Visitor: 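My questions will all concern the structure given below.
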Amino acid sequence: MLTQAPKGTKDILPEDIYQWNYVEKEFSELCQRFGYKEIRIPVFEHTELFQRGVGDTTDIVQKEMYTFQDKGGRSITLRPEGTAGVVRSFIEHGMSSLPQPIKLFYKITAYRYENVQKGRYREFNQFGVELLGAADPSADAEVISILAMFFEKLGIQNLELNINSIGCPKCRSKYNEKLKEYISQFLGDMCDTCKDRYNRNPMRILDCKEEKCKTLMKDAPALLDNICDECRTHFDSVLEKLDAINIPYNIDKGIVRGLDYYTKTVFEFVSKNIGTQGTVCGGGRYDGLVEECGGAPTPGIGFAMGVERLLLEMQSQSIEIPKPNPPDIYIGAIGHKASLACEKLAWELRRQNITCIKDIMGRSVKAQLKYADKIGARYVLILGDDEIESNKAKLKDMQTGETKDITLDTLINRLLKIKG
RNA sequence: GUGGGUAUAGCUCAGUUGGUUAGAGCGCCAGGUUGUGGCCCUGGAGGUCAUGGGUUCAAAUCCCAUUAUUCACCCCA
């Protein structure tokens, strides 16, 4: 146990970190290109924020939160997602009096106590965007287009965009009545969880994977066919805008996001080849959330993307991520005098932005060369007494194996030139 | 919370019907004359055979439990 990371957590090792750095950088750059600014929010919040924001009836709040009491007796929860914290920050810092809309993005870890499987961990990483203060369908389309462009930028193909509208509270309560009426005739034949859902959140029954429930629900009225005129117009307009920028989508009447705050547009990008947890990202509109959390009524829309799933998908599509450059030069020293000269030289090279590795093991020349080879150094310079005397050294090109005489004074310029 | 698979060196894996001191490849470290990598050769370090019980003269091997891991259900990113 002592030497084992807790269940559902993972080290990201030095040999893999370039992949994370790459997608993080690409995401940040793209968001900024759309006018979004990064926000960093706390890893933990007051538990009630998530109870209120994510919703008391959700699985996340009911059984998946890392909740504990701090030494001051407060109930604290590790964030299970990012939206609630961002909304809290929006309210706390009075962002409604900044020029609207507020466009934010973030890169966070999140925590859910669930059983682990492929593409699902207890500590996981999300990239997210929240757009607050814009009620227009253009906002929905913009947020979705960030994702489409992000995938395009990374070279990811064939993710399916599924989209739906789950209406506003008004049409949803009407629909819930209608749905319950439909279900009531054979409620007795459904699975236990669905019986439970019937009272708490009947819409979830549409999502049940039990065969018997599925067949019973086959002819159930779809929410999308029962939303009010305003929601319908909004939805049609979102689709029209997606068409205008050639983003393909499937209308999926079955999408019911698992968080209570969603209204109107909900969507997800799904992969078929990274296992059963194929949702790479999901999002939607949450026009009631800011008010629910104590702010002025403010529309909002956003998404969250699972970075582990994103990387899985990139691997499954064999997308190559640029690897970091190997060291420009390795400097080896023989003897005391040389090692002092070597310190000075390495310092100067590094100051000039040259990646320089030097011996700190006191190894033999042969071992130093071996090491330089293993770390992929482009050049090797060996310094001994002779070189210091003559102020000349042999610079070895590790790719060709050639060595050339070079005066030490010109080394830096020479390397800078080679680097381009 | 539920079900299946798996657990031997840093990594990938052998290990016979239970039978001496548990192996290989890769990796790591050192060496193969005086100051030069890759290939080759030699040597070395590194294992509580996941943990705890049980059966047996004898267990990495058979049985039970626990833990971890993995895949799936549920749910989600």
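Hydrogens, waters and symmetry mates are skipped; everything else that's a heavy atom, side chains included, is used. Lettering of chains follows the sequences in order, A, B, ..., and the numbering in each one begins at 1. Being a predicted model, the structure only gives us computed values, none of them experimental.
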Visitor: Asp252(A) has an atom CG; how far is it from atom C1' of rC76(B), in whole Å?
Guide: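 From Asp252(A) CG to rC76(B) C1': 15 Å.
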Visitor: Nearest to the Ala367(A) side chain among rU36(B), rA30(B), rA72(B), which nucleotide is it?
Guide: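 Comparing rU36(B), rA30(B), rA72(B) against the side chain of Ala367(A), the answer is rA30(B).
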Visitor: Less than 4.0 Å between a side-chain N and a carboxylate O, is that true for Arg350(A) and Glu348(A)?
Guide: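 Answer for the salt bridge query: no.
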Visitor: Determine the interplanar angle of the Phe150(A) and Phe27(A) rings, folded into 0 to 90°, and report it as parallel if under 30°, tilted if 30 to 60°, perpendicular if over 60°.
Guide: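 The rings of Phe150(A) and Phe27(A) stand perpendicular, inter-plane angle above 60°.
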Visitor: Measure from the side chain of Glu387(A), starting at C-beta and using heavy atoms only, and say which of rA77(B), rC74(B), rG35(B) lies closest.
Guide: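 Of the options given, the side chain of Glu387(A) lies nearest rG35(B).
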Visitor: Please find the pair of heavy atoms, one from Ala220(A) and one from Leu179(A), that lie closest to each other, and give the distance.
Guide: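 Smallest heavy-atom distance, with atoms named: CB-CD1, 4.3 Å.
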Visitor: Are Tyr261(A) and Tyr286(A) an aromatic pair by the rule of ring centers under 6.0 Å?
Guide: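 Here the rings of Tyr286(A) and Tyr261(A) have centres that are less than 6.0 Å from each other.
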Visitor: With Glu114(A) as reference, evaluate Lys63(A), Arg120(A), Arg122(A) under the salt bridge (Lys or Arg N to Asp or Glu O under 4.0 Å) test and give the passing residue.
Guide: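 In the set Lys63(A), Arg120(A), Arg122(A), the residue that makes a salt bridge (Lys or Arg N to Asp or Glu O under 4.0 Å) with Glu114(A) is Arg120(A).
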Visitor: May I ask you to decide if Cys281(A)'s main-chain N or O and Arg309(A)'s side chain share a donor-acceptor pair within less than 3.5 Å?
Guide: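 Flag not set: sc Arg309(A) to bb Cys281(A) has no pair under 3.5 Å.
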Visitor: Looking at the side chain of Gln117(A), which of rC71(B), rA77(B), rG31(B) is the nearest nucleotide?
Guide: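 Closest of the options to the side chain of Gln117(A): rC71(B).
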Visitor: Under a 3.5 Å cutoff, is there a donor and acceptor pairing between the side chains of Asp243(A) and Tyr249(A)?
Guide: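 Note: Asp243(A) and Tyr249(A) side chains meet the donor-acceptor criterion.
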Visitor: Quick check: any donor-acceptor pair below 3.5 Å linking the side-chain of Gln277(A) to the base of rC71(B)?
Guide: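 When only heavy-atom distances are counted, Gln277(A) does not reach the base of rC71(B) through any donor-acceptor pair under 3.5 Å.
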Visitor: Identify whether NZ of Lys or CZ of Arg in Arg363(A) sits under 6.0 Å from the centre of the six-membered ring of Tyr371(A) and within 45° of that ring's axis.
Guide: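 Output yes; distance and angle both within limits.
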Visitor: Ignoring the backbone of Ser364(A), work out which of rA77(B), rG31(B), rC74(B) is nearest its side chain.
Guide: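 Closest nucleotide among those given: rG31(B).
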Visitor: Lys7(A) side chain N/O closer than 4.0 Å to the phosphate oxygens (OP1, OP2) of rU69(B)?
Guide: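 So the side chain of Lys7(A) is within the cut-off, an N or O lying under 4.0 Å from OP1 or OP2 of rU69(B).
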Visitor: Describe the nucleic acid contact of Ala304(A) in one word from base, sugar-phosphate, nothing, applying a heavy-atom distance below 4.0 Å.
Guide: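 The residue Ala304(A) makes sugar-phosphate contact but no base contact.
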Visitor: Quick one: do Glu81(A) and Arg112(A) make a salt bridge, cutoff under 4.0 Å?
Guide: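 No, this pair does not count.
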Visitor: Is Lys323(A) atom NZ crowded by more than 12 heavy atoms from other residues, nucleotides or ligands, each under 6.0 Å away?
Guide: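 Counting neighbours around NZ of Lys323(A), 12 or fewer heavy atoms of other residues, nucleotides or ligands fall under 6.0 Å, so no.
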Visitor: What is the distance, to the nearest angstrom, from the CG atom on Asn162(A) to the C1' atom on rA77(B)?
Guide: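 Rounded to whole Å, this separation is 15 Å.
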Visitor: Rounded to the Å, how far apart are Lys63(A) NZ and rC76(B) P?
Guide: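 Result: 9 Å.
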Visitor: Base, sugar-phosphate, or nothing: which does Val380(A) touch, judged by heavy atoms less than 4.0 Å apart?
Guide: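 The answer is nothing, as Val380(A) stays clear of every strand by at least 4.0 Å.
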Visitor: Using the side-chain hydrogen bond (donor to acceptor under 3.5 Å, both in side chains) rule, take Glu123(A) and Tyr111(A) through it: C-alpha gap first, then chi angles, then the decisive distance, then the call.
Guide: CA-CA 5 Å; Glu123(A) 178 185 65; Tyr111(A) 304 84; 2.8 Å; yes
Visitor: For nucleotides 1-6 of chain B, which of its nitrogen or oxygen atoms have a protein nitrogen or oxygen under 3.5 Å away, and what is each distance?
Guide:
{"unit_1": "rG1(B)", "atom_1": "O6", "unit_2": "Asn115(A)", "atom_2": "ND2", "d": "3.2"}
{"unit_1": "rU2(B)", "atom_1": "O4", "unit_2": "Asn115(A)", "atom_2": "ND2", "d": "2.5"}

Visitor: Taking C-beta and beyond as the side chain, do Glu387(A) and Leu381(A) meet within less than 4.5 Å on heavy atoms?
Guide: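 Glu387(A) vs Leu381(A): side chains apart.
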Visitor: Please map the stems of RNA chain B, keeping only stretches of three or more Watson-Crick or G-U wobble pairs with both distances under 3.5 angstrom.
Guide: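 Looking at RNA chain B, the stems formed by three or more consecutive pairs are B:1-7 with B:67-73, B:10-13 with B:23-26, B:28-32 with B:40-44, B:50-54 with B:62-66.
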Visitor: For nucleotides 37-42 of chain B, list the nitrogen or oxygen atoms of the protein found under 3.5 Å from its nitrogen or oxygen atoms, one pair per line.
Guide:
{"unit_1": "rG37(B)", "atom_1": "O2'", "unit_2": "Asp373(A)", "atom_2": "OD2", "d": "3.3"}
{"unit_1": "rG37(B)", "atom_1": "N7", "unit_2": "Lys396(A)", "atom_2": "NZ", "d": "2.9"}
{"unit_1": "rG37(B)", "atom_1": "N1", "unit_2": "Met398(A)", "atom_2": "O", "d": "2.5"}
{"unit_1": "rG37(B)", "atom_1": "N2", "unit_2": "Asp373(A)", "atom_2": "OD1", "d": "2.9"}
{"unit_1": "rG37(B)", "atom_1": "N2", "unit_2": "Met398(A)", "atom_2": "O", "d": "2.8"}
{"unit_1": "rG37(B)", "atom_1": "N3", "unit_2": "Asp373(A)", "atom_2": "OD1", "d": "3.4"}
{"unit_1": "rG38(B)", "atom_1": "O4'", "unit_2": "Asp373(A)", "atom_2": "OD2", "d": "3.3"}

Visitor: Output the rounded distance in Å from NZ (Lys394(A)) to C1' (rU36(B)).
Guide: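 Going from Lys394(A) (NZ) to rU36(B) (C1'), I get 10 Å.
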Visitor: Figure out the CG/C1' separation between Leu147(A) and rA77(B), and round it to whole Å.
Guide: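 It is 12 Å, rounded to the nearest whole Å.
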Visitor: Atom CG of Asp59(A) and atom P of rA77(B): how far apart are they, to the nearest Å?
Guide: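 Those two atoms, CG and P, are 11 Å apart.
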Visitor: Starting at atom OH of Tyr106(A), determine the distance to atom C1' of rA77(B), rounded to an integer number of angstrom.
Guide: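 These atoms are roughly 10 Å apart.
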Visitor: Please work out if Gly128(A) contacts a base, only the sugar-phosphate, or nothing of the nucleic acid, heavy-atom cut-off 4.0 Å.
Guide: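 Nothing, no heavy atom under 4.0 Å.
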Visitor: Classify the nucleic acid contact of Tyr121(A) as base, sugar-phosphate or nothing, counting any heavy atom under 4.0 Å across all strands shown.
Guide: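 Result for Tyr121(A) = base.
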Visitor: In whole Å, what is the span from the CZ atom of Arg122(A) to the C1' atom of rU70(B)?
Guide: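 About 13 Å, once rounded to whole Å.
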Visitor: Would you call Arg33(A)-Glu29(A) a salt bridge at under 4.0 Å N-O?
Guide: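 Salt bridge absent between Arg33(A) and Glu29(A).
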Visitor: Can you check whether Thr276(A) has a side-chain N or O nearer than 4.0 Å to OP1 or OP2 of rC73(B)?
Guide: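 Thr276(A) to rC73(B) OP1/OP2: side-chain N or O found under 4.0 Å.
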